[in-house]
Amino acid sequence: MLYRLHSNQSSSSVFEDVEMADDEMFSGPMAESLPTSVSAFAHRRERADSTTSFAYYNEDEAEDETIVYGDEGSVVLDIDDIPFGLDADEDQESSELSMENDDGRDDYSMRRQSSIHSRNSIHDRLLRTDSGLTEASGRGNGRVSQKLYMVNEDLTIVVAGFRTSRIGYAAYILLCAATLGLAWLLMRWLPRWRVRLIGEPCPLRESQWVVLENQWGEFSILNISAQPYEQPISSVFGAPEKMYAQMFDEDADPVLSELRVLSYRYVRLFFHPLKDKFVISNGWKDPSWKRVRNIRGGIDGSEKELRECVFGNNLIDIEQKSISQLLVDEVFHPFYVFQIASLILWSMDEYYYYAICIFVMSAGSIIATLVETRSTMKRLREISRFECDVRVLRNGFWTTVPSSDLVPGDVYEVSDPGLTQFPSDSLLLTGDCIVNESMLTGESVPVSKLPATDETLNGMNLSSSTVAPEAARHFLFCGTRIVRVRRPQDSGDDAVALAMVVRTGFNTTKGSLVRSMLFPKPSGFKFYRDSFRYIGVMGCVAMLGFIVSFINFLRLGLTWHLIVVRALDLITIVVPPALPATLTIGTNFALSRLRKKQIFCISPQRVNVGGKLDIMCFDKTGTLTEEGLDVLGVRLVSRSTNHFGEVISKATSLVPRSNLQTNQENQNDTTRAALFTMATCHTLRCVDGELVGDPLDLKMFEFTGWTFEEGNQGGGEQDDDEQGGLSPSVARPPPATLYDINEYGSAQGHNAPIELGVLKSFEFASNLRRASVIVRAFGQQSGDVFVKGAPESMREICRPDSFPTDYEELLTYYTHKGYRVIACATKHMKKLSWVKSQKMKRDEAESDLEFVGFIIFENKLKPTTAAVLKELTESNIGSIMVTGDNILTAISVSRNCGLVQKDAHCFVPHFAKGHCEDPNALLEWESIDDNRLKLDNRTLLPLPVPSNSDVSLPYDITNLRNYSLAVSGDVFRWVVDYAPAEVLQRMLLRGKIFARMSPDEKCELVEKLQSIDYCCGFCGDGANDCGALKAADVGISLSEAEASVAAPFTSRVFDIRCVPDVIREGRAALVTSFSCFKFMSLYSAIQFCSVSFLYASASNLGDFQFLLIDVLLILPIAVFMGWSGPFPVLSRKKPTADLVSRKVLTPLLGQIIICILIQAVAFLLVRQQPWFIPPHFNPDKSNIKNSENTALFLVSCFEYTSIGVVMSAGKPFRQPLTQNWPFMSTIVAALALTTYMTLAPAHWVKHLMQLTKISSSFKITILVLGVTYFVLSWTAESYVFQRLARELGKVKLALTKTPKKRKEYKVIAERMQS
């Protein structure tokens, strides 16, 4: 039986080590619908907290090893993995072999692990591949625990093996029976106690169940399912590693007799008998997948059964809990158990009406929660679950099966008209497709997919967290929409497009996306933890009150029944039952206001985090600037002058109609090459007669005015024979004779249409930053290579003599102006056959080229960008641009939009010695405006201005505030990998622009900013930003696509106005949560005070008095307190998020003292009155109707109302109270009701509320006490308590000499300024 599939620990609260009721299942999308109690109890650790050692893993006995990633996608190699008989030298050699990367990158990426994890991140200690072998267990019996890093989840877990102890289990059953289920309930909340009682640690290979703990302290108990298998070990774990192959020469692939499986967060872990531990098999790859031709035949039925046994069904099917399960989880939550105990207590005390009212409210809350949770899970299941019929090749025959029946290795038909989206992660084998991957990227640009090659198949690494760009062009992601599929054109009419399944179910990319929604990373927000810590303190106060009351009741001689009930009643007063619900009110109101602004949130916990943002990162294209680029014109090289010519703003001007003179032939070649590059070097595809593809390619092609066809058969007979029926894509000029075509297609004295056939294309590669095509005009034997890409990428592939002398000058001019510049180059081949073009490698095609010129694009700022960035700057929130574009273009755009001051120096680093993969390289930081001005490469502070520099410079370089840094991706990579920590930290602090950043580097930048205590947000259009959006504390995606599930927030308005909106709402929600918490705390303190005074004479508040206070006063005030919207102007200061701080606790304690004083005055004054009615002593029952009760009840009603006004914060984070009309109406109604009950209550009201007669003068006294309380409370809150808190801080500093811990980035900034 699975005990607890997912649980969430609440640490350091009154419920120490409480396991929350399956919070993870509901903490992803629409968590506003989950039980308020669950969300309130949902403890999220801070990042730093998660370095605490694992309870079930002994760090001291573990051994540090090099981190090595194996085929199954987890950390696989440690000391314990080395088989016996393998000596140290072989071990060293095999380790080095295992270190080789599958993606062909240099090994420098493995030199420093901090390149993929923050220096101070939670992984620093956890990611050691420590052995779990303890001295007690010994290698002979196997390890009892292990540590595992799940790459795709970015999660470190510990697995510890246990078997059930018969003696412990018998003791557990007896305990549960003896305590009438109380022990069962307690151990449901504290599963570690249950493990300690019934669990007996044992080797993993023999364990019946395991305890699994992750780096965030979240804890699960999972059963191991075991079944006979009797198949080769490679059928589960892939090809054996070289080390094991050497060891088992005779049988390198031994038989696995038993399959032992764990399922954690929908990821399967299999026990590896040779490694003696559990490993993840989501990166499984059949050792026989070597040649594409050989795998087209699919698999047979028996193989299918085995693989289904290992990998399960191809379904992303979220577990649907039944109503009864949800009800049990909800009702047995600590909060509701406390409610049930309170209801029983109140019923025993004859508070029937109050108990019934609270029961009805709680039952309504539970039912609403169950309905909403059920519908939320149903919606999420509908989004994630997909099943359709697929034509699959099994046993050599085509058969139609449900997509859930697919297993890795299955070959299915992609060209089936009934298939609208891909049912699994697959590899395209034949045919070609256009797909819409917006579900993954948020970008609705169609993507072309081509058949895989043998190289792709052999180099494919399925265990990686991302698919390599080389493999991605052949990879069909599960859930992505099919735009168009074409059958292979070289295999006859009956040929179909084929794909092979490589990953199924939750192992797919879509499955990973769904898991990230179900199990989001903890946000590191400690407000809820602090609130329960405070309740723990109040619980101690309640226990103190319990003891005092107990002694007092014994002295008075009350019956035992009344003593116990009364004393326990104090605890229900001090810990207010409605507290968890009120903590989420502000968040829920904020979510509804954001929805009205077309901003949607799938992780409500992040709303409050939005109020604490220190810095915001922005993507450039599509976020700060418009998505579309317009072609400004073309600047081409004039071979005669070796300079650039003038801007050509029309394509018709590129090649004139008239015959060209001989001396202009070279210029003609250049202009024609530029035109042909724009006409052919792109990834556009024709769907339903319309061109679709990358917006930049589309604009560039539209500029030419040409037409484009895919697979047109009119290529000429000789080509058809040579190409075996395949015909390339064709580009043609407009019908009118606008171009001089010279040698191209002259026939019978007049110009024939040009037809440029694209024989082979090399798509844009982010690491090379260029794309190229091999083109041949129909009817010609010669061909050309056309290349376009980033200007920086041209230096290494073009002949140096082909660059004009003003190359750098013109490039700098346009990039400084903020234009996007694309460079073109070409190479002519006099003899080019189709076969030769297909065999040509990329590095051969892209070499010895002739530089042609620049295509210049305009990228306009969005209208709202500058205003929003100015607003963020004025509110003390930093802004950073993170882009894949040229660094100079990024600087120019930054200056235009105000992200960097126009009159401020911007320093750019370059390698003065070495390169980005050289640990001993030397960086030099130069001002972009004056290269004589430099920074110290260690401190990143300005060096003295050279004596010969122009003193009339408009810049003040000595002003530390007046410079920023612009860093390119290669420099960022080097600084992260090799530079001293101080340089990295200072670069992060001063860096404003990060250009030429890959998607992984964007994500890493966010993590590095977080490592120096920035609360960091990221706003992007989703195209390449998914990793960064997920890593950020607050990720905002500008996207309509379903892929925005990768970000907590999605804005349907495609500009950055959403950022200040989220920050404003976050601040308002945070302040509201604090206000509600303080209000509820003071409400319980006021009631505790009233009841304590009454207990002195064995009296108490009445049933309807409790009911009026809780239902008519407290609940409406608490609810409408959160109604206030955010203040329209962002303040420079941020609201506090630290509940246990002097700022919060000093006013809270001060308010409690004021309320005690006012009630004490009322209590003493009423006893002096001649008409005073003392409590009638009854040892069996409390007397309610007496003057003490009446006076304290009326005064406390004024206090509840007053404290609601005082605690409801307005400026600078929320709108003033006067604009919150529901709250003001509630306050007025509450004051009117209390005044009415004080001055002239009707007889039935007095009877109902059990009020006694009081004199007119004392009625005035009560009113005066109410006004006095409000004046004292408001004055102290506004003017006294904050000053007092500051003074107490100074006293503490003087006594302890330990200053308050400050955020790291502030400390770094101070060091730089000093």
- Item | Cys686 vs Leu691, side chain to side chain contact (heavy atoms under 4.5 Å, CB included): CA-CA, chis, key distance, verdict | CA-CA 5 Å; Cys686 192; Leu691 287 177; 4.3 Å; yes

- Query: For Lys699 and Glu858, what are the C-alpha separation, side-chain angles and deciding distance, and is it a salt bridge (Lys or Arg N to Asp or Glu O under 4.0 Å)?
  - Reply: CA-CA 11 Å; Lys699 285 284 185 185; Glu858 286 183 286; over 6 Å; no

- Task: Before giving the answer on side chain to side chain contact (heavy atoms under 4.5 Å, CB included), spell out for Leu759 and Met840 the whole-Å C-alpha distance, their side-chain angles and the decisive distance to 0.1 Å.
- Result: CA-CA 11 Å; Leu759 304 185; Met840 192 177 290; over 6 Å; no

- Message: Under the criterion side chain to side chain contact (heavy atoms under 4.5 Å, CB included), I'd like the reasoning laid out for Phe618 against Leu869: C-alpha separation, chi angles, the key distance, then a yes or no.
- Response: CA-CA 10 Å; Phe618 296 95; Leu869 292 175; 3.7 Å; yes

- Step-by-step side chain to side chain contact (heavy atoms under 4.5 Å, CB included) determination, Val882 to Val1006: CA-CA 10 Å; Val882 191; Val1006 168; over 6 Å; no

- Message: salt bridge (Lys or Arg N to Asp or Glu O under 4.0 Å), that's the test. Do Asp619 and Lys1002 meet it? Break it down for me.
- Response: CA-CA 9 Å; Asp619 181 34; Lys1002 290 181 181 182; 3.4 Å; yes

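Glu926 and Lys934 are joined by a salt bridge, as a carboxylate oxygen and a charged side-chain nitrogen come within less than 4.0 angstrom of each other. Salt bridge status for Glu844 with Lys827: absent, with no side-chain N to carboxylate O gap under 4.0 Å. With respect to the salt-bridge test (charged N to carboxylate O, under 4.0 angstrom), the residues Lys841 and Asp843 do not qualify.
In this structure, the ring of Phe854 has its center no less than 6.0 angstrom from the ring center of Phe857.
The side chain to side chain contact (heavy atoms under 4.5 Å, CB included) with Phe703 is formed by just one residue from the set Ile855, Val634, Asp630, Leu632; it is Val634. Screening Tyr814, Tyr813, Phe851 for a ring pair (Phe, Tyr, Trp, His ring centres under 6.0 Å) involving Tyr807 leaves a single residue, Phe851.
Judged purely by atom type and a 3.5 angstrom limit, Arg990 uses its side chain to pair as donor or acceptor with the backbone of Tyr963. In this structure, the side chain of Thr865 engages the main chain of Leu624 through a donor-acceptor pair within 3.5 Å. One N or O on the side chain of Trp974 and one on the backbone of Asp918 form a donor-acceptor pair closer than 3.5 Å. Listed for the Arg895 side chain is a donor-acceptor partner under 3.5 Å among the backbone atoms of Ala904. At distances below 3.5 Å, not a single donor-acceptor pair connects side-chain atoms of Arg820 with backbone N or O atoms of Val631. Within the 3.5 Å criterion, the main-chain N or O of Gly991 finds no donor-acceptor partner in the side chain of Ser964. The backbone N or O of Thr683 lies less than 3.5 Å from a partner atom in the side chain of Asp697, making a donor-acceptor pair.
Contact of the His643 side chain with the Leu810 side chain is not registered, since no non-hydrogen atoms from C-beta on lie closer than 4.5 Å. You'll find the side chain of Cys1019 reaches within 4.5 Å of the side chain of Leu1038, heavy atoms only. In this structure, Arg1057 and Val868 have side chains that are in contact, with non-hydrogen atoms separated by less than 4.5 Å. The side-chain heavy atoms of Leu923 and Val975, taken from C-beta on, include a pair separated by under 4.5 Å. Side-chain contact between Ile774 and Arg776 is absent, with no heavy-atom pair separated by less than 4.5 Å. A 4.5 Å side-chain heavy-atom check between Val775 and Phe676 finds every atom pair outside the cut-off. Counting only heavy atoms from C-beta outward, the side chains of Leu636 and Val852 approach each other to under 4.5 Å. In this structure the side chain of Trp706 reaches within 4.5 angstrom of the side chain of Leu675, judged on heavy atoms.
For the pair Ser1051 and Val1053, the tightest heavy-atom approach, listed with the atom from each and the gap, is OG-O, 2.8 Å. The two atoms that bring Leu684 and Phe708 nearest to each other are O-CE2, 3.4 Å, heavy atoms only. Summarising the geometry of Asp1055 relative to Cys1058, their closest heavy-atom pair is O-SG, 3.6 Å, with the distance given to 0.1 Å. Taking all atoms of both residues into account, the shortest heavy-atom contact from Ser894 to Met881 is OG-CE, 3.2 Å. A pairwise comparison of heavy atoms in Lys862 and Thr625 identifies CE-O, 3.3 Å as the closest pair. The shortest non-hydrogen separation linking Pro863 to Glu626 is CD-OE2, 3.7 Å.
The distance from atom OG of Ser772 to atom CG of Leu849, rounded to the nearest 0.5 Å, is 8.5 Å. Here CD of Glu1004 is found 11.5 Å from CZ of Phe994. Values are rounded to the nearest 0.5 Å. Rounding to the nearest 0.5 Å gives a distance of 6.0 Å between CZ of Arg635 and CD1 of Ile856. For the atom pair Leu984 CG and Leu989 CG, the distance stands at 11.0 Å (nearest 0.5 Å). Separation of atoms NZ (Lys860) and CG (Asn896) is listed at 13.5 Å; rounding is to 0.5 Å. For the atom pair SG of Cys681 and CD1 of Ile822, the computed distance is 10.0 Å after rounding to the nearest 0.5 Å.
At most 12 non-hydrogen atoms from other residues, nucleotides or ligands lie less than 6.0 angstrom from CD of Glu809.
Of the N and O atoms on the side chains of Arg685 and Ser448, at least one donor lies less than 3.5 Å from an acceptor on the other residue.
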